[in-house]
Amino acid sequence: MITRDEAFELLKKYNKDPFHIQHSLTVEAVMKWYANELGYTNDAEHWGIVGLLHDIDFELYPDEHCLKAPELLREGGVSDDIIHSVCSHGYGITVPCGVTIEVEPVHEMEKVLFAADELTGLIWAAALMRPSKSTKDMELKSLKKKYKSKGFAAGCSREVIERGARQLGWELDKLLEMTLQAMAASEDMINKEMASV
């Protein structure tokens, strides 16, 4: 099992852009929060590592996202179960090189990653529009208004987010509310870690 510190060093080997590192830290924190909320407390570190590494190939190989990840992760000594989980967040998505990712999310953890990944980007974009630049004072109704505005954070696929909610068997509102809570709970910790990157 790769340690969290080893996973973070592996991430930074292939990702230098602070935006990508912050996104990875955000998804890590959200995944750990969900593990605790959904009764997987003993696996929270594992959920977090999957979140931390999920976009390992995106900065250098955006056209082959989720296709280059296995190679980079294996070189870093990462186990096959983590590799499967990382690749599953691209399930059904056709990446720019024309390949559709066929690694299906099976475990609840993989379904949470699929559902929450795009959503964290949308929530963060919404937070940056607020006077506080924070998720901590954002309410669900405010987030829903941004979510429904098609022109807002257009790069965050609503179709993927909604498919993720369906895979979990959740109403969209539940996914929005829980992910917002997770981000608000971890924002200070992420800001602190980003200050030392």
Side-chain angles (χ1 to χ4, degrees), residues 4 19-55 58 66 85-86 88-93 101 104-194:
R4 194 274 177 182
F19 177 84
H20 292 148
I21 293 172
Q22 182 169 11
H23 173 66
S24 295
L25 289 171
T26 300
V27 176
E28 174 194 27
V30 165
M31 291 297 290
K32 287 174 85 169
W33 184 92
Y34 266 111
N36 287 311
E37 283 293 308
L38 299 175
Y40 298 94
T41 303
N42 291 341
D43 296 324
E45 189 78 2
H46 179 75
W47 284 46
I49 285 169
V50 169
L52 187 63
L53 294 174
H54 81 286
D55 273 352
F58 188 75
C66 295
S85 297
V86 162
S88 74
H89 87 278
Y91 180 57
I93 297 166
I101 307 303
E104 187 172 357
V106 178
H107 188 279
E108 190 168 20
M109 176 258 288
E110 295 171 338
K111 294 176 183 179
V112 168
L113 176 63
F114 184 97
D117 174 34
E118 288 279 302
L119 183 53
T120 62
L122 189 142
I123 292 172
W124 187 237
L128 292 177
M129 300 289 287
R130 301 176 66 74
S132 65
K133 304 261 190 279
S134 173
T135 57
K136 292 193 289 183
D137 60 355
M138 191 189 303
E139 294 180 357
L140 179 61
K141 65 180 182 182
S142 171
L143 174 59
K144 284 173 72 173
K145 194 173 174 185
K146 293 288 189 196
Y147 184 90
K148 288 173 183 170
S149 169
K150 288 197 168 34
F152 178 77
C156 298
S157 170
R158 274 63 163 178
E159 190 272 326
V160 167
I161 293 166
E162 287 158 24
R163 187 149 53 96
R166 286 195 302 275
Q167 285 176 169
L168 284 161
W170 295 357
E171 294 293 325
L172 179 62
D173 276 12
K174 177 178 178 178
L175 178 64
L176 294 176
E177 185 162 21
M178 289 182 76
T179 307
L180 177 56
Q181 283 179 30
M183 288 181 67
S186 56
E187 187 177 307
D188 290 342
M189 183 179 66
I190 292 163
N191 288 340
K192 188 176 176 186
E193 188 149 20
M194 282 302 296

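Every heavy atom of this structure was used, including side-chain atoms; hydrogens, water molecules and symmetry mates were not.
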So do the side chains of [X] and [Y] get within less than 4.5 Å of each other, counting heavy atoms only?
X      : Y      : value
Leu52  : Val27  : no
Glu108 : Gln167 : no
Tyr34  : Leu113 : no
Met109 : His46  : yes
Met183 : Trp33  : no

Salt bridge (charged side-chain N to carboxylate O under 4.0 Å, His left out) pairs, two or more places apart, involving residues 32-48: Lys32-Glu45
Test side-chain contact (heavy atoms from CB on, under 4.5 Å) on Ile49 and Met31 and set out the steps. CA-CA 9 Å; Ile49 285 169; Met31 291 297 290; over 6 Å; no
side-chain hydrogen bond (donor to acceptor under 3.5 Å, both in side chains) contacts in which one or both residues fall within residues 182-192, not counting sequence neighbours: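 The answer is Ser134-Glu187, Thr135-Glu187, Lys136-Asp188.
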Kindly write out the residues that satisfy ring pair (Phe, Tyr, Trp, His ring centres under 6.0 Å) with [X], not counting sequence neighbours, or none if the list is empty.
X      : result
His20  : Phe58
Tyr40  : Trp47, His107
Phe114 : none

Closest approach of [X] to [Y] (non-hydrogen atoms, all atoms of both residues):
X      : Y      : answer
Met178 : Leu38  : CE-CD2, 4.3 Å
Gly90  : Ile101 : O-CB, 3.0 Å
Ser88  : Glu110 : OG-CB, 3.5 Å
Ala44  : Ala35  : CA-CB, 3.6 Å

Give, for atom NZ of Lys174 and atom CG of Leu140, the distance between the pair rounded to the nearest 0.5 Å. 13.5 Å
Side chain to side chain contact (heavy atoms under 4.5 Å, CB included) partners for Glu193, two or more places apart: Arg4, Phe8, Leu25
Who pairs with Ser149 by side chain to side chain contact (heavy atoms under 4.5 Å, CB included), at least two apart in sequence or on another chain? Phe152
Residues two or more places apart in sequence or in another chain: which of them pass side chain to side chain donor-acceptor pair (under 3.5 Å) with [X]?
X      : answer
Ser24  : none
Glu159 : Arg163
Lys144 : Asp173
Gln22  : none

Does Glu171 have more than 12 heavy atoms from other residues, nucleotides or ligands lying within 6.0 Å of its CD? no
Take atom NZ in Lys133; do more than 12 heavy atoms of anything else shown fall under 6.0 Å from it?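 Yes, because the 6.0 Å sphere around NZ of Lys133 holds more than 12 heavy atoms from other groups.
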Which atom pairs, one a donor and one an acceptor, fall under 3.5 Å between side chains of residues 118-129 and the rest of the protein, sequence neighbours left out?
residue : atom : partner : partner atom : Å
Glu118  : OE1  : Ser157  : N            : 2.6
Thr120  : OG1  : Asp117  : O            : 2.7

